[in-house]
Amino acid sequence: MSSALLSVRDLHVDFTTYNQTHKVLKGINLDIPPHSQIALVGESGSGKTVTMKAIMGLLRQPLARITAGEMYYDGRDLLTMPDKERVALRGTAMSMIFQDPMTSLNPVFTIGDQMRTILKYADRRLGRTRSARERKVRVLEVLGQVRMRDPERVFQSYPIMLSGGMRQRVLIAMALLSEPKLLIADEPGTALDVTTQAQILKLMKDLVEERGLALLMITHNLGVVRETCSYVYVMNKGVVVEHGSTADLFAAPQEDYTKALIAAVPRLTGETRFGTVEAMR
Amino acid sequence: MAHLSELAAEPQRLSNAYQNWYRFSRNPSAVIGTAIVIICILTAIFAPLITPYPEHVGAVVNFRERHLPPSADYWFGTDNVGRDIFTRVVFGMRISLLLALVVLATAVPVGTVLGLLAGYYGGWVEIVIMRFTDIALAIPGLVMVMAVAAVLSPDLLTSMIAIAALWWTWHARLIYSITRQTRVQDYIEAAETLGASKFHILFREILPNCVSALAVKTSLDAGFVILIGSTLSFLGLGIQPPTPDLGTMVASGAAFLPSYWWESVLPGCAILFVSLGFNLLGDGLRDMFDVEDVR
Amino acid sequence: MIRPVLEVIDLCKSFPVRSPFGRLTGEVKAVNNVSFSIGRGKVYGLAGESGSGKSTIARMIMGLTPPTSGDILLDGEDIGSTGGSPAHRRKVQMVFQNPGSSLNPRRSVSQSITVPLHANGLPRADRARRVTELLDMVQLPASYAERYPHELSGGQKQRVAIARALAVAPKLLVLDEPTSALDVSVQAKVIDLLVDLGRQLDLTFLFISHDLSLMRNFAEKVGVLYLGSLVETGRTSVVFENPRHDYTRLLLASVPVVSAEEEAMRPRIPLIDGEIPTAEQLLALRKAGGGEA
Amino acid sequence: MEFASFLLKRALWSLLVLFGLSIIIFAIARGIPGDPARISLGPAATPEQVQLLRDRLGLDRPLIEQFGLFVGGLMQGDLGRSLLTERSVTADIRDTFAATFELVLVTITVALVCGAPMGVAAATWRNRWPDHVVQFVSIFSAVTPTFLKALLLQILAGYVLHILPTTGRLPAGMDFSADLTGMLLIDSVLRGRPDVFFEAIRHLLLPVIALSLASMGQIARITRASMIDVAGQDYIEANRAFGVPEHVRVFKYALRPSFVPPLTILGLQFSALIGNAFVVELIFAWPGMAAYGVRAILQKDLNAVMGVVMVSGVFFVIVNLVIDILVGYVDPRVRIRGRR
Amino acid sequence: WAQNVVTMTTGQIFRSIDPAKVTDYTDYMGVVNLYDGLTSVEPDGSIVPALAESWEVSPDAREVTYKLRDDATFSDGSPVEAGDVVYSVERLLRINQGPASMLAGVLTPGSVTAVDNKTVKFTLAKNFAPFLAVVPAIFILNEEAVKPHEGDDDAQSWLATNAAGAGPFTLKAYDRGTRLTVVRNEDYYKGFPENPIDEVRWIVVNDEASVRAMGASGELTMTGPFQSPDTYDALEGMGYKIENHPTSSTLYLKLNNQVTPTDDVHIRRAIALATDYETIREVIFPGNRLTTPLPDTFKQFHADDVPEPKYDLEAARAEVAKSKYAGQPISITLGFLTGIKYQEEISLLMQANLEQIGFTVTQAVNPWNRVTELATKVETTPAVNQIFFSATYPSPDSMFHTQYHSSAAGTWASMEWINDPEVDKLIEEARGTGELDKQIDIYKELQHKLVDMQSDVFLLTQVSKHALNKCLEGLSIIPMRSFGYDFSRYSWNCD
Ligand SMILES: Nc1ncnc2c1ncn2[C@@H]1O[C@H](COP(=O)(O)OP(=O)(O)OP(=O)(O)O)[C@@H](O)[C@H]1O
Ligand SMILES: Nc1ncnc2c1ncn2[C@@H]1O[C@H](COP(=O)(O)OP(=O)(O)OP(=O)(O)O)[C@@H](O)[C@H]1O
Ligand SMILES: [Mg+2]
Ligand SMILES: [Mg+2]
């Protein structure tokens, strides 16, 4: 536990609507060691996004409440630390990539403007000083790292001028700007088509390996999991039902839910039998 | 059975009506707004019963008691010919509400239908309707109203005609822009492929998407219509005396500011009260119709 | 030989391209000389990446967009004349690409399902019963009739959309990426349901998707669309095991897979690094490079 | 180039609108009862005098012909003569327009500069006291008749705040003619007269407050609504995750995209603004076009009415065009994808 | 360097400052200060010299010769000569607006000639007794100054914003619609009293509350005469002095003599008897008694033997009983002007009283332009109308001809629709005679006749109230237009 970069213990989150309380997370346990690539899979609505938001501290407060549990980042308690420090961690120590590249970029500012601002405040929190020029150089550099062919042009573009794949790349670049140790990705690329998605995944994998980041990838695509992550957590209805190394889990799933999930994946070989779905419930 | 287990997982279901009511009743502004509007309407209906001097609505003059400040006898004081302002405010509420009701009851449907047609059909229909709306919007409303009031003799009916003659343009604009956004949605095409009639698409599919904006706009308008009446009166084109309406009272009382402040400020407060009610109600309705905003 | 339910012959569609300020600057050939046919009770898959013209074909079949040229025969009848007519509406139905957007957020499930019933003149008294029947068919409890779309999960919305399309018992059901927004488990349920219904009601499907793994398991025949043209078509197994066109191969290579067997099936071609060329750029590249490989 | 042709197209549509406007205004002007010639000549005029003027004004010719003359004059920038002032309407409007323009422009600016932050504050502290205060203030200012606000402010200045003037644009004794642009704020700067500038501001203060309150309230409400809308967008959430501090998020990243609806509303509200300016100018003895317009209507000064409405129509069209361009500036999506 | 500045409010705008086009009360206020005429008028109505030091009337009253003062100069210093007079009159007749209507048929082009440099002769086309009283309204222009700007419109454009006269003040600023500012012409040929007024600023203020606010802030020096009683009270409380001056302006209830029910003289009398004169005069609108159509400021012409009208509802009922409408429901329309507070109050008072004698009353508020329109037809003229009328020149003719002569029918001033040949004859006779005694007899007979037929309800003559700064002196009312606001008569007596 102490060796983990991030560890989540018995996390409970409730949502309140119409005076009714919904227990959404009912005791989540996660460990993310440094330099690891972890996947979080599970049915839609099982609480994956909520878990990620809880880690990032992005839950909307009066609506969602963390009712129990602990979270440690690098040994520091995330839930008890002062707000200011918590905010300071975002973007610098941990960063995240949003699911939909089409809606996650501000449509009325140029990419350069948005990235420079992010860098400026990350620098400020880390106590670094950089001139506006240097900041631009750094932004261009990161855009280059995400394989943009013409960073200068992207820098000056508005999001609408970029294709979906380019936008997703920009989002990755934003997350990498201040070299966080932990990167959380919520279903990256699902909004893109297969060929583009494949590229993005490859890019992420390369970057994570190059930089030695810890990656928490949320997805429902088991193919993606298999190709990018070494360890998997499977969630269902607010709890982690099973976890293990990717190879083991795919080869020998223990829980019924995991088995059903794996069985439901359509195979390229054409041997998925849809009759098995009933078993999943 | 698959669906049984799904049912079991589902928390106790709230009916839609109950959800709406819940949202509405949890919203303090909506509740206060409704209360105010109901009070105003009841007051207007039962005006002769509530007021101490119902005869002061007509041509009663009592120059010995003119310009009296609010007192136990005259709760809101008296005006320049010695009539009880409270009585006139209550009866004025009647006229003002009627004015708002009639104007909006004509302007809203007209504007809505034209906006729907222009937004849905596009092409020439759109050009004709929307250019005409543009033209009407470019005429300073007051000019139009004054012109109409000057052509016909200035009275309640004229005021209504004049105000309604321009008011629909705002609704047409609003509905038009919502319709244009809605028209291209998949669910409208879906309805078309399912064989729905144009009427169905316009009024059952698109219109419901306009209601919350419409409710807000209309409730805001109620206050504005009453106000326009007052500006008309200020320019001397309002309702004929001795009939009281709130706007006219504010306007004619303004001549006595600040010494006999109650003669315009108290009827002004009445307008504020009515408008506040409608505004709060409008906000509440918006929250209620906003099915996706869960609080 | 039995007549195919749907025949598409030399179908073309081009859209005018306008500059930001509305001037006509050219046209896109969204669909270019596409021909295929589907026999009764069969599933035909149409694959291709985003923007390749899949939805446009579907919309032309539905009579929502007139073709620029070419014919669409439904039961041997040209829909050029009947497109959009009530008779046509009864024969073909469509499940739209995005389950979220094809249901009116202001209308409850039963209100949405009633639309085709009303259009077909079903007496008011029978409608509620029929709605329940349809919901049951897609395995939703009757209580869901009073829900609004935002209260449904993606899979549930999808099923409502399917129920609505089935309300008039069509001959042909066009499914435009019915599962693109769903996770595998829900997707599996939806596909399962479709297979089932297809058998029960003797439905013919046009199935549009870019998920090749899914296509492999559902469709008997596939066509691969690329920049508006059908670059490859044939029995699913044949096309997948022996892709002949470069683009088909690229698509197959991009599929993330969960097992080693599948991986072995995937063609090995290096992914292009950096930005994916847009369709127009690819086209230009291809022209410069001297035609197809 | 593209932009120019877009502007040209918009301008052509605007011309059509203006032509329609001229028809309607012409109809209205002819519909107002009262013989303009008689009104103009005063009570003692003899019937012969009246007839003479009627002939000169062409009032007895067929309506179509009169309309033709009107449009013909319009093309050459000739709006005919005012019966009220006995001068060419063009000259009257030239003399009075700048005063109204200055008033309206400052009002719009104030309404935006104050209304938008109010909306932001309300959205930021949604359902807490700043929100309630803003909501109440905006409802209050929207439903208080403009003339009452103007009168109350004037009384305030008269009885309490003796430092603020109650009428006019400049102190009567002040020797300054705004002959460059007609706008005191600009001309005083160009001519290097800080004293005039200061006085002009003092005189503007009350009319502008009276006039801007209503729009300010509306803008605050709309800004609030669209801020709340934008605040729920993924990109604002994303900024949070990337550690962009709250003030930057609110005042930069959320404010600009939420600015389109208030801007658009402001453009549409413009004619209401002119309408209110009518009343405010009367009360503050503001030598503007709006007050001129009111009198023209009451006196059935046909040419003047048509002139004022045409000018405010052109003004309306231009303001909305400028707002379109501004919207394009604020929101590049519009600029790049074009306006639908 | 202390300056005596007068800031006066006015409810209407200055439409024009061109002496050939001025028509109403407010317009004259401007030109009286910027221009001088050959003669002027005193508060008692007498005609006194101005630019002309003397004048002679020929025995047949068809020729009037004016001799100009030697020292008379325009404000630019050039002398006033006979040519200027000829030019001014010719221009007035050419433009044929404003004051020209008073001269219609009396002067024709060419009828004014320069006898010599300092002498002008007017030859009248017909006998016109009030001629001398009209002359003060003919203001003399500086031909030399105007000529260069003549253009093709007789310098109408130029004179719309410039002044070229011999008046005591010169134009400083003119914002049509909001303010007019004039400054003293140091070299005014008639000179000024001690402590003269150096600058006059008129500000157009439409609202009572605005006037009071200006009073409270000290901006105001003087109000006009049409504020509400409350405003005068409030200003008095702020330290202004209130001056009351009787005037020859009158307030009538004009009764349409040709529509039901006011076509019956008994009904007309009933209305007159149902009028609470005292309340109106004491509470609503400051005024003196008015017993005949003619105010008693026209002393020698006034029929003093006519008794004062009474407020007596019993007698009113009795009159109704005598009328042909007795026993029927009688409905009646009361017309008054939009936005005029005192008229609304009077109308409400009338309604209350008339309802007591069994009438059904409708109020008809109309803006001025609509009133002028309604007045053009008998059928559209309401049965009862409140009309405020003031003499345009100091002669009874100004009261009778414009209101009661059938040629004036169809105007707002003659909404009675009397159309009585006898009345017409009397008016014309008085106009045509040069003998004062005969005029007096005719006018008295006319008054008796009109009172007898109860052509109108004669409500009151206005007592004009002004609130003035304690230091300002010199206000007097002159029975011609707004000649009383000639500020060369005023002085600032403080310090
Ligand atoms: N704002 C909210 N109000 C009420 N309930 C919410 C809210 N946000 C999430 N939930 C509930 O929390 C549960 C988990 O949601 P979450 O978004 O984490 O799912 P997920 O695992 O990310 O699913 P998906 O794969 O569809 O994104 C859902 O049942 C959802 O209904
Ligand atoms: N109404 C239209 N006007 C102009 N171009 C259009 C229109 N509709 C579609 N297109 C263009 O036609 C091409 C094909 O679009 P279509 O929607 O059929 O693609 P698709 O294969 O369904 O893609 P996706 O997988 O993203 O749904 C695209 O380049 C698109 O931009
Ligand atoms: Mg999620
Ligand atoms: Mg598609």
Side-chain angles (χ1 to χ4, degrees), chain B residues 55-68 78-83 88 145-156 158-159 230-245 248-265 268, chain E residues 11 206-213 215-216 227-231 233-235 237-238 276 278-284 333-356 359-371 373-374 380 382:
Chain B
E55 69 281 4
H56 284 196
V57 170
V60 167
V61 288
N62 181 1
F63 285 96
R64 263 183 305 276
E65 303 208 330
R66 70 202 302 235
H67 297 313
L68 293 184
T78 61
D79 67 6
N80 59 325
V81 295
R83 294 173 298 196
R88 293 179 63 77
V145 172
M146 285 171 68
V148 175
V151 174
L152 312 166
S153 62
D155 60 18
L156 186 59
T158 312
S159 310
S230 77
T231 306
L232 270 186
S233 308
F234 177 75
L235 295 167
L237 299 169
I239 287 164
Q240 302 278 26
T243 317
D245 96 299
T248 314
M249 292 175 75
V250 175
S252 62
F256 304 111
L257 283 172
S259 9
Y260 311 126
W261 56 269
W262 55 90
E263 297 182 27
S264 75
V265 169
Chain E
N206 292 63
D207 215 75
E208 300 281 344
S210 304
V211 173
R212 290 198 289 269
Q227 306 303 334
S228 73
D230 313 286
T231 300
D233 290 349
L235 289 171
M238 294 170 196
D276 183 353
E278 210 176 292
T279 303
I280 295 176
R281 284 201 309 263
E282 306 289 308
V283 187
I284 302 180
T333 311
L334 305 183
F336 68 93
L337 273 184
T338 287
I340 313 276
K341 199 114 245 145
Y342 73 82
Q343 296 209 351
E344 184 187 328
E345 292 177 6
I346 291 174
S347 214
L348 284 173
L349 179 63
M350 289 306 301
Q351 179 174 3
N353 287 340
L354 291 176
E355 280 176 356
Q356 285 192 44
F359 285 42
T360 311
V361 178
T362 320
Q363 303 274 3
V365 206
N366 282 299
W368 180 242
N369 61 330
R370 190 162 161 80
V371 171
E373 180 74 7
L374 293 176
T380 54

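The sequence lines fix the lettering, A, B, ..., with proteins before strands; numbering per chain opens at 1.
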**Study point:** side chain to side chain contact (heavy atoms under 4.5 Å, CB included) partner of Leu348(E), chosen from Val81(B), Asn80(B), Val60(B)
**Key:**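 Of the listed options, the one satisfying the test is Val81(B).
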Practice item. Check whether Ile340(E) gets within reach of chain B through its side chain, its backbone, both or neither, counting any heavy atom under 4.5 Å. Key: neither
Check your understanding: Contact part of Arg83(B) toward chain E, heavy-atom cut-off under 4.5 Å: side chain, backbone, both or neither?
Key -> side chain
Point to revise | Heavy-atom pair count under 4.5 Å with chain E, highest-scoring of Ser259(B), Pro258(B), Pro242(B) | key: Pro242(B)
Exercise for review: Might you point out which heavy atoms bring Ala209(E) and Ala254(B) nearest each other, and give the distance in Å?
Suggested key: CB-O, 3.5 Å
Point to revise | Minimum-distance pair of heavy atoms, taken over all atoms of Ala59(B) and Ala352(E) | key: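 Shortest heavy-atom contact: O-CB, 3.3 Å.
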**Study point:** Straight-line distance of Phe63(B) CZ to Ile280(E) CD1, nearest 0.5 Å
**Key:**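 Result: 8.0 Å between the selected atoms.
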**Study point:** Between NE2 on residue His67(B) and CG on residue Asp233(E), distance to nearest 0.5 Å
**Key:** 9.0 Å
Revision key, fill the gap. Note: vs chain B, highest number of non-hydrogen pairs under 4.5 angstrom among Glu355(E), Glu344(E), Arg212(E) is Arg212(E)
